[in-house]
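Because only heavy atoms are used, hydrogens play no part in the values below, and waters and symmetry mates are left out as well, while side chains stay in. Just so you know, ligand 1 is whichever comes first in the structure, and atom 1 is the first atom listed for that ligand. Heads up: numbering here begins at 1 and tracks the sequence.
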Amino acid sequence: MKNDSGIAVKEKLICGVDLGGTKLAAALYRQDGSLVAKDVVYDHKDKNWDEIVQIVADLVKKLMADHSLTSRDLLGLGVALAGHIYFKKGLIITVSNFAENIYNYPFVDKLSVLLPGLRIILDNDANAQAYGEYLFGAGRGYQNQVFVTVSTGIGGGIIINGKMFRGRTGTTGEIGHSIIDIDSDIKCTCGNYGCAMALASGLFFPDLYRMHLRRGMKSSIGIDEGSAEGLDGPAIEEGLKKGDPICRKIVEDSADVVGSSLYNLFKILEPELVILGGGLMYFGQEYFQRIKKRFLGHTHEMMAEEMEIKLAETGRDAGLLGAAALVLEEA
Ligand SMILES: [Zn+2]
C-alpha cells in the first residue's frame, strides 16, 4: 500500500533539520538514509528565536503536507544546530552566528508545541554529522570513532562503543577549542587565545592573513590589512592556486594544527577511526595528506595498530542527514 507520493505507508520516515546562521534546510529520509524530499529557506536570517522556531515548524509541516504525511508517519525529527546544546534538556545554551543571542533557550519545548505528536531531538551540528557518518558514511562498521569538521570553525563528535558520547551536558567533542598555542594573540570566539580553530579555521583566515602581513610576509595577490577582512575558505583556495605565499602558509599551518589536534585526540581516546569533514577538506588531497603526515610525525612508535583517518562520505548535506540520523539513535 502506498500513499500519493508513492511511499510505502508502513515505512516510517525520519526528518532532519539543519539550522545554520544563514541557511535552514529540512529533509525527509527513509531509514536507510536515502533522500525522499528536501527544502531550503533563508527566511530566518534576521529573526528572533521564537520566530525561527515558527519558521522551522512551518518548513517541516510543508514537507509533511507535500507528501501527505502526518506525525504518525514519522519516527521523529532531529535538529542539528551550530551552537552549544544541553542535549537531555533540549536547550540551546548559547549560539554565536544568529541574529539574536540567547542563553538556555528551550528550543525543543517550543517546537513541540508547534509540532504536536512528533518526537524531537536537538543536538550540535558536529554531533549530528558524526552520527550520520557512523550510520551512513565513512564510519560504518567502526564502534569507536571521532568525527572532526574543519570549516568556518572546527567541531567534533565522539562515538564510543557505538553510542554518541555527550559528556555531562552535551558540549563534548569540541576539539576546535582545545588550546594549541599558548602564546597566540588570536582570540577565539570562546574568549581564549590559541584554540585550534583560531589557528586553522575559515572564520580566522582574515586574522591569520593580517598576522603574516605584520610579521613581514608579502601578499602576491594585492591583499592588505583592510582587504584581508573578506578572506574566507574559497578566497584562500583561490590565492593558493595563484601562488600567494601567505595563502600557502595559512593552508599549511591549518593542516599542521588539525594534524596535531588529531594526535591529541589519539592520545586521549585512541579511537579506531577519525573521519575528517567540513568545507576546508575541499582544499584537496595535499591538505589531507599533510594532516596525516603531521599526525604520524607525532606518533613515533606509539601505535601498535594504525588509527585510520578517512574523509567524510555524506557530502554537503552531512548536517541534514546527520540530524535525521539522530532519530535512529537509541534513547
Ligand atoms: Zn576557542
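Excluding waters, the set of protein N, O or S atoms lying under 2.8 Å from the Zn ion (ligand 1) comprises H177 ND1, C188 SG, C190 SG, C195 SG.
D244 and Y209 are linked by a side-chain donor-acceptor pair at a separation below 3.5 angstrom, with hydrogens and angles left out of the test. In the model, S227 has a side-chain atom that pairs as donor or acceptor with a side-chain atom of D224 under 3.5 Å.
Comment: D58 does not engage K62 in a salt bridge, judged by the lack of any side-chain N to carboxylate O separation of less than 4.0 angstrom.
The closest donor-acceptor contact from the side chain of S260 to the backbone of D256 lies under 3.5 Å. Counting only distance, with no hydrogens or angles, the side chain of E272 and the backbone of Y142 share no donor-acceptor pair below 3.5 Å. A donor-acceptor contact shorter than 3.5 Å links the side chain of S201 to the backbone of T152.
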